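Keep in mind it's a predicted model, so treat the numbers as computed, not measured.
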Amino acid sequence: MQSGKGLHDSLSHSTSTAIKHPNVGGHDYSYQHYHQQFTHGDNEEDHQRKEIYTYDAPWTVQAMAWSYRLDPSSYFRMAIGSFVEEYSNCVQIIKKHNSSKSEEKDKISTLYNACQFDHPYPCTKILWSPDVSHGSRDLLATTGDYLRLWNLTDDGTGRGTMNARKEAILNNNKKSEYCAPLTSFDWNESDPTIIGTASIDTTCTIWDVATQTARTQLIAHDREVYDIAFAQGKDIFASVGGDGSMRMFDLRKLEHSTIIYESPHLSPLLRLQWNRQDPSYIATFAVDSMRTIIIDIRLPSTPVLELGGHSACVNATAWAPHSNCHICTAGEDKQALIWDLSSIHSRPIEDPILAYNAEGEINNLQWNATQPDWISISYRDKLQILRV
């Protein structure tokens, strides 16, 4: 997404007191209180205190994903995708050197490009395989015009760099020379053989990764489907779309679905994410909206909470992987906000507990599932990794 472009546009294309919050990320790190500018430090001491790493990409960063797999050659790794408004785009695998603190004089240089490969059109989403069992392949999936699977392997140089090989292109409409672009997908963590994709043609498709075939395809919405996400377990998933609805499905009985929320004026809903610790809660937001909607699926139709805090539209949300009451929201006001929802049923939640001000409009946000003290954001040509 380029500066000034909202998420909907990119989908269509395809006081000075610091507070300590030990429950976020599992570490007792100091962050400045909400309403105070989180300024960028220019010296080593500032960087060490704030634990911010920045990677400058050669293009606007759109899609990104943390790897589930621990890489012996790096502290962590991510995949990022370009947003260039033409056919030729690419994906990079970004790693952080395993250097000691005494060696980290320049934190920016500790992030490096370990692999790059071409990708047709911008990726609408990237995900690593949740299968980290011994001997399993190191797979990456991307969506754009089609669902593609990539196999990542070490290149044997000993430098931590990798090779990428295209494993498969999954297309469920081989009779037509035209394809309906895919807006998003999700990889089932309980059964890594299952991937669900969302398309502008109103459908969701459930894929079997092992056989590289479609298990089923269903008309999920009255208009474009913008996102799909699995709950805990392998059978339940939800989707949101251009008709302004959030719908829940069960793979065991796909003849029925449940509308659990419809936005005011049926404004398109762009993204959704299940709470990773409590599957009763789902977060979503509407096009051009400054608010994040929290839905309790046990009490459908009416939001249990609406989070404000942003002065421009929200572009991304991410639940904490280790906590059922923390969520991060980010948007075009250049802010990433972390909220504590533990009092959701007892008092209004008006302010976030932590805030970070970036140098540009934030178009994506991910919370590291295996190392939950790290959050990543993207803006313009920057990937930033923040310790919380």
Side-chain angles (χ1 to χ4, degrees), residues 7 11 124-125 127 129-131 141 143 146-147 170-173 179-263 266-287 292-304 317-319 324:
L7 175 61
L11 286 174
T124 53
K125 193 170 183 178
L127 283 177
S129 171
D131 184 2
T143 45
Y146 300 109
L147 172 64
L170 280 64
N171 174 21
N172 198 38
N173 188 20
C179 64
L182 302 177
T183 53
S184 187
F185 75 101
D186 196 25
W187 207 320
N188 193 299
E189 295 183 15
S190 298
D191 184 351
T193 66
I194 299 175
I195 287 179
T197 58
S199 174
I200 65 167
D201 68 359
T202 75
T203 68
C204 290
T205 304
I206 306 301
W207 295 92
D208 187 320
V209 175
T211 62
Q212 300 179 9
T213 58
R215 292 188 179 183
T216 188
Q217 186 176 58
L218 62 145
I219 297 175
H221 288 261
D222 299 326
R223 294 182 59 189
E224 304 95 332
V225 188
Y226 284 136
D227 203 8
I228 180 173
F230 288 100
Q232 293 177 351
K234 67 177 185 178
D235 296 312
I236 307 298
F237 68 93
S239 61
V240 291
D243 58 6
S245 70
M246 177 189 291
R247 307 186 185 208
M248 190 163 62
F249 300 84
D250 189 329
L251 287 175
R252 296 161 295 190
K253 41 187 177 181
L254 284 173
E255 63 273 13
H256 302 290
S257 67
T258 304
I259 298 178
I260 51 180
Y261 176 67
E262 288 184 316
S263 64
L266 300 180
S267 299
L269 297 175
L270 299 183
R271 289 286 187 248
L272 82 155
Q273 190 180 48
W274 293 85
N275 186 312
R276 299 183 185 184
Q277 297 295 324
D278 186 344
S280 297
Y281 296 100
I282 302 177
T284 187
F285 56 90
V287 61
T292 300
I293 306 299
I294 309 297
I295 303 296
D296 186 337
I297 63 173
R298 300 164 298 186
L299 304 167
S301 301
T302 303
V304 67
T317 62
W319 289 97
N324 66 357

Provide the closest heavy-atom pair for [X] versus [Y] in the form atom of the first, atom of the second, distance.
{"X": "Gln232", "Y": "Arg276", "answer": "NE2-O, 2.8 Å"}
{"X": "Tyr226", "Y": "Leu269", "answer": "CD1-O, 3.4 Å"}
{"X": "Cys204", "Y": "Val225", "answer": "SG-CG1, 3.8 Å"}
{"X": "Trp274", "Y": "Pro279", "answer": "CZ3-O, 3.0 Å"}
{"X": "Asn188", "Y": "Pro130", "answer": "O-CG, 3.7 Å"}
{"X": "Ala214", "Y": "Asn172", "answer": "CB-OD1, 3.4 Å"}

Pairwise distance [atom1]([X]) to [atom2]([Y]) - rounded to 0.5 angstrom:
{"X": "Met246", "Y": "Ile293", "atom1": "CE", "atom2": "CD1", "value": "9.0 Å"}
{"X": "Met248", "Y": "Leu272", "atom1": "CE", "atom2": "CG", "value": "11.5 Å"}
{"X": "Trp207", "Y": "Thr216", "atom1": "CH2", "atom2": "OG1", "value": "11.5 Å"}
{"X": "Gln212", "Y": "Asn171", "atom1": "CD", "atom2": "CG", "value": "12.5 Å"}
{"X": "Thr183", "Y": "Ile200", "atom1": "OG1", "atom2": "CD1", "value": "8.5 Å"}
{"X": "Ser301", "Y": "Ile295", "atom1": "OG", "atom2": "CD1", "value": "8.5 Å"}

side-chain contact (heavy atoms from CB on, under 4.5 Å) assessment of Ile236 paired with Arg252: CA-CA 9 Å; Ile236 307 298; Arg252 296 161 295 190; 4.0 Å; yes
Student check: side-chain heavy atoms of Ile194 and Phe230 closer than 4.5 Å: yes
Side chains of Ile282 and Ile260 in contact at under 4.5 Å (non-hydrogen atoms): yes
side-chain contact (heavy atoms from CB on, under 4.5 Å) between Leu182 and Leu147, worked out: CA-CA 8 Å; Leu182 302 177; Leu147 172 64; 4.1 Å; yes
Worked check of side-chain contact (heavy atoms from CB on, under 4.5 Å) between Tyr281 and Arg298: CA-CA 9 Å; Tyr281 296 100; Arg298 300 164 298 186; 3.3 Å; yes
Side chains of Thr124 and Thr143, donor plus acceptor under 3.5 Å: yes
Side-chain donor-acceptor pair present, Asp131, Ser129, cut-off under 3.5 Å: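 Their side chains do not contain a donor-acceptor pair, so the 3.5 Å distance test is not met.
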Could you tell me whether a side-chain N or O of [X] sits under 3.5 Å from a main-chain N or O of [Y], the two making a donor and an acceptor?
{"X": "Ser199", "Y": "Asp201", "result": "yes"}
{"X": "Ser190", "Y": "Gly233", "result": "yes"}
{"X": "Thr284", "Y": "Arg271", "result": "yes"}
{"X": "Asp243", "Y": "Asp222", "result": "yes"}
{"X": "Asn275", "Y": "Asn324", "result": "yes"}
{"X": "Gln273", "Y": "Trp319", "result": "yes"}

Within 6.0 Å of CG in Leu254, more than 12 heavy atoms from elsewhere: yes
Phe249: ring-ring contact (aromatic ring centres under 6.0 Å, His included) partners, not counting sequence neighbours: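 Phe249: ring-ring contact (aromatic ring centres under 6.0 Å, His included) contacts with Phe237.
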